[in-house]
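Below is one structure, written out as structure tokens; comments come after it.
Basis for what follows: all heavy atoms, side chains included, without hydrogens, waters or symmetry-related copies. Predicted model only: the values in this text are computed from it and were never measured. Note that ligands are numbered from 1 as they come in the structure, with each ligand's atoms numbered from 1 the same way.
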Amino acid sequence: MCKLRCGKMTGNLEQRTGSSVKWLPDSSVKYKSMSDLTDWWPGSLKYQVPKSVRRKILIFLFVVAVACVLLVYFCYNCYLICSGSCGVLNIKQDLMTTSAERAHGISHQSMNSQSLQAVPRLPSCIIIGVRKSGTRALLQYMSLHPDTVINAKEQHFFNTDRYKLGLDYYRSQMPKSLNNQIIIEKTPAYFTDLMTPERIYRMNNSIKLILIVREPVIRLISDYTQLRKGKEQRNKTAKSFEELVLDNSGKINTDYKPVQRSMYYHYFINWLEFFSRDQIYICDGDAFITNPYSELYDIETFLHLPHKIPSNVFYFNASKGFYCINDETLDTPCLSEAKGRQHPKIDPAVLEALYDFYRPRNKLFFKLAQRTFDWP
Ligand code: A3P
């Protein structure tokens with residue numbers, strides 16, 4: 001077949017090399033040098049295209065090949081980013097260099113494809129409490145930052161038997177996130193649990209913790225209101241606030257758990273046994289209600305995040321009585337009905353007794369917290 005197609009293109013070289021190559025041209029064609037013969041090039045073109053042009057074509061083909069490889073690499077990375085952030089996972093897509101990256105010593109060059117994969121990771125920030133101080137609102141608002149991923153469900157990992165399931169279990173409960181994003185978990189019951197500080201410390205001794213506190217008496221009333229609501233939902237009769245908060249002798253009933261939970265110093269001291277004060281951000285829950293943006297700004301600084309939560313995303317919703325989020329994509333811009341409940345009216349004498357009870361205890365907390373609050 002080749003004989004038919006190639007015609008005269010057999011001969012000299014075959015004779016010189018003794019090889020069985022059949023397609024090389026006959027000696028009747030003039031060559032400038034031996035390199036012309038050894039070049040790879042389709043035979044028929046060899047006669048028509050000058051060598052300089054052939055070289056240019058080869059360079060062009062090489063450039064196209066390199067461009068193709070780069071394109072495939074780029075598409076692959078886009079796929080990884082998209083699979084982690086566009087749809088299923090609802091992770092915000094700001095993948096540019098962030099201060100979170102800088103804080104973790106990650107440069108753009110070192111962000112290989114693995115770091116762009118969204119996987120469950122252990123939290124690097126935990127909101128530890130205090131219950132009924134605005135923990136849900138804080139977590140929700142922190143999710144507005146593109147470099148954070150929140151765990152919406154309270155895990156109760158460190159304060160319950162779940163701890164026995166191990167850190168792999170805990171990690172598996174976390175939302176998927178990118179390497180440069182901060183995962184935030186919140187379980188308010190951690191604050192009052194005696195085992196939790198040491199357990200968190202063992203997981204990550206450089207973790208960042210956030211404690212949000214409200215004025216202790218208002219927090220206590222909020223706590224009571226929540227427990228009362230729970231009883232009502234189970235068709236149980238609930239005692240009045242005054243009955244529960246005072247003991248038989250008319251003193252503050254320190255056996256009542258909600259009373260205990262507002263004795264912040266009592267629990268905070270356990271945390272300071274394991275964590276330095278600057279590892280814990282103490283958020284003013286009362287200020288957070290009236291001006292959430294200002295507290296969030298300070299928390300961004302604490303977490304080494306760039307200030308990306310916009311101030312104009314919040315608006316005061318008069319019927320709710322709280323700030324809500326101005327985002328058309330959200331079904332519910334305000335927190336659920338379980339947040340921002342109507343509180344019962346409390347006997348003023350009992351309120352005074354409570355303020356007196358907490359005043360010295362608050363002072364102890366201020367000392368540990370190295371800051372004061374405007375509490376009565
Ligand atoms: P009340 O329902 O007693 O008013 P937590 O989320 O830790 O359980 O705290 C609930 C408290 O968060 C609410 O207590 C409310 O006072 C406070 N809070 C702070 N910001 C809020 C917001 N934007 N919407 C609703 N409640 C908010």
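Residues Glu232 and Lys236 are not paired through a salt bridge, judged by the lack of any N-O separation under 4.0 Å between the basic side chain and the carboxylate. Using a cutoff of 4.0 Å between basic side-chain nitrogens and carboxylate oxygens, Lys308 and Glu300 are not scored as salt-bridged.
Nearest non-hydrogen protein atom to atom 2 (O) of ligand 1 is Gly340 N, 2.7 Å. Counting only heavy atoms of the protein, atom 7 (O) of ligand 1 lies nearest to Thr135 OG1, 2.6 Å. With hydrogens left out, the protein atom closest to atom 11 (C) of ligand 1 is Gly134 N, 3.9 Å, a heavy atom. Atom 16 (O) of ligand 1 has Arg214 NH1, 3.1 Å as its closest protein atom, hydrogens excluded (heavy atom only). Here the heavy atom of the protein found nearest to atom 21 (C) of ligand 1 is Phe322 CD2, 3.5 Å. The nearest protein atom to atom 19 (C) of ligand 1, hydrogens excluded, is given as Ile289 CG1, 3.5 Å; this is a heavy-atom distance. For atom 20 (N) of ligand 1, the closest non-hydrogen atom on the protein side is Ala137 CB, 3.5 Å.
Side-chain rings of Phe366 and Trp375 approach one another, their centers coming within less than 6.0 Å. Two rings, from Tyr315 and Tyr323, have their centers 6.0 Å or more apart. In this structure, the ring of Phe288 has its center less than 6.0 angstrom from the ring center of Tyr141.
Within ligand 1, the atoms closer than 4.0 Å to a non-hydrogen atom of Tyr323 are 23 (N), numbered from 1 in the order shown. Of all atoms in ligand 1, numbered sequentially from 1 with element shown, those under 4.0 Å from a heavy atom of Ser133 are 7 (O), 9 (O). Listed by number with element, the atoms of ligand 1 under 4.0 Å from a non-hydrogen atom of Ser222 are 1 (P), 3 (O), 14 (O). Distances below 4.0 Å separate heavy atoms of Tyr141 from the following atoms of ligand 1: 23 (N).
Of all the heavy atoms of Pro188, none lies under 4.0 Å from any atom of ligand 1, so neither backbone nor side chain is involved. Looking at Gln226 against ligand 1, nothing comes within 4.0 Å, counting heavy atoms. Under 4.0 Å from ligand 1, the heavy atoms of Leu335 that appear belong solely to its side chain. Under 4.0 angstrom from ligand 1, there are no non-hydrogen atoms of Tyr224.
Figure legend: Arg371 and Phe373 shown as a cation-pi pair, the cationic atom lying under 6.0 angstrom from the six-membered ring centre and within 45 degrees of its axis. Both tests hold for Arg199 against Tyr163: distance to the six-membered ring centre under 6.0 Å, angle to the ring axis within 45°. A cation-pi arrangement is present between Lys208 and Phe302 under the rule of less than 6.0 angstrom and at most 45 degrees off the ring axis.
The distance criterion of under 3.5 Å between nitrogen or oxygen atoms is not met by Arg131 with respect to ligand 1. Checked by distance only, ligand 1 and Lys132 come closer than 3.5 Å through their nitrogen or oxygen atoms.
Of the options Lys339, His343, Arg136, the smallest heavy-atom separation from atom 8 (O) of ligand 1 is shown by Lys339.
Counted by atom type alone, Glu185 and Thr187 present one or more donor-acceptor pairs between their side chains at under 3.5 Å.
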### Query
Would Lys231 and Thr237 count as a side chain to side chain contact (heavy atoms under 4.5 Å, CB included) if you check the C-alpha gap in whole Å, the side-chain angles of each, and the deciding distance to 0.1 Å?
CA-CA 7 Å; Lys231 288 217 158 153; Thr237 42; over 6 Å; no

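Taken from NZ in Lys132 to CG in Asp223, the straight-line distance is 7.5 Å, to the nearest 0.5 Å.
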